[in-house]
Asks: 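Here's a structure for you.
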Amino acid sequence: MYITFTDSAKNRLAALRSNLEGRLHLYYDTEGCSCENSGIFTLRLVEEKTAEDDEIQSNIGPVLIKRWTEMF
C-alpha cells in the first residue's frame with residue numbers, strides 16, 4: 001500500500017502541524033458507527049509507534065496505521 005498526498009494536502013498538513021512533534025497516524029474511527037465496516041479514516045499525530053501499528057509508505061514519509069484497519 002502507498003499513500004500519495006497532493007501538493008494541496010501536503011501544504012495543509014504542514015500548516016496544521018506547525019511545530020508539533022509526533023508521527024502521522026491514519027486512524028480508523030468507528031465510534032458511533034453501527035459496525036467496524038462503517039468507520040471513517042482521520043489523520044492524527046501520535047507520540048510513538050505501538051506494537052499494534054504498521055507503517056505505510058507515502059510521498060511524505062511513513063504513515064502509521066493500526067494493523068487491524070489495513071483491510072479497510
Asks: At what distance, to the nearest 0.5 angstrom, does OG1 of T4 lie from NZ of K10?
Replies: 9.5 Å
Asks: Any chance you could lay out the side-chain contact (heavy atoms from CB on, under 4.5 Å) test for L24 and F5, step after step, and finish with the verdict?
Replies: CA-CA 13 Å; L24 200 58; F5 290 91; 4.2 Å; yes
Asks: Where do D53 and R67 land on the salt bridge (charged side-chain N to carboxylate O under 4.0 Å, His left out) test, with the steps shown first?
Replies: CA-CA 5 Å; D53 293 327; R67 195 168 290 117; over 6 Å; no
Asks: Under 4.5 Å side-chain heavy-atom separation, chaining through any Ile, Leu, Val, Met, Phe, Trp or Tyr, what else clusters with Y2? Say none if it is isolated.
Replies: none
Asks: About how many Å separate CG of L26 and CE of M1, when rounded to the nearest 0.5 Å?
Replies: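 The CE atom of M1 sits 8.5 Å away from the CG atom of L26.
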Asks: Working to the nearest 0.5 angstrom, can you tell me the gap between Y27 OH and T42 OG1?
Replies: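 If I round to the nearest 0.5 Å, the distance is 7.0 Å.
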Asks: Check whether L64 and I40 end up in the same hydrophobic cluster, where Ile, Leu, Val, Met, Phe, Trp and Tyr are linked by side-chain heavy atoms less than 4.5 Å apart.
Replies: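 Cluster IDs for L64 and I40 differ.
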Asks: Nearest 0.5 Å, please: how far is CD in E21 from CD in E47?
Replies: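 Answer rounded to 0.5 Å: 10.0 Å.
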Asks: Going by heavy atoms in the side chains, are W68 and D54 under 4.5 Å from each other?
Replies: no
Asks: Out of curiosity, H25 NE2 to I56 CD1, how far, rounded to the nearest 0.5 Å?
Replies: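 Spacing of NE2 (H25) from CD1 (I56) equals 9.0 Å.
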Asks: Would you sort out whether R23 and E48 count as a side-chain contact (heavy atoms from CB on, under 4.5 Å), showing the intermediate values?
Replies: CA-CA 7 Å; R23 298 191 59 186; E48 60 188 32; 6.0 Å; no
Asks: Would you compute the distance between atom CD1 of I65 and atom CD1 of I3 and round it to the nearest 0.5 angstrom?
Replies: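 The CD1 atom of I65 sits 6.5 Å away from the CD1 atom of I3.
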Asks: Anything under 30° is parallel, anything over 60° is perpendicular, the rest tilted; go ahead and classify Y28 against F41.
Replies: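 Rings of Y28 and F41: tilted, as their planes differ by 30° to 60°.
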Asks: Determine whether a donor-acceptor pair (N or O, by modelled atom type, separation under 3.5 Å) exists between the side chain of S18 and the backbone of L20.
Replies: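 No.
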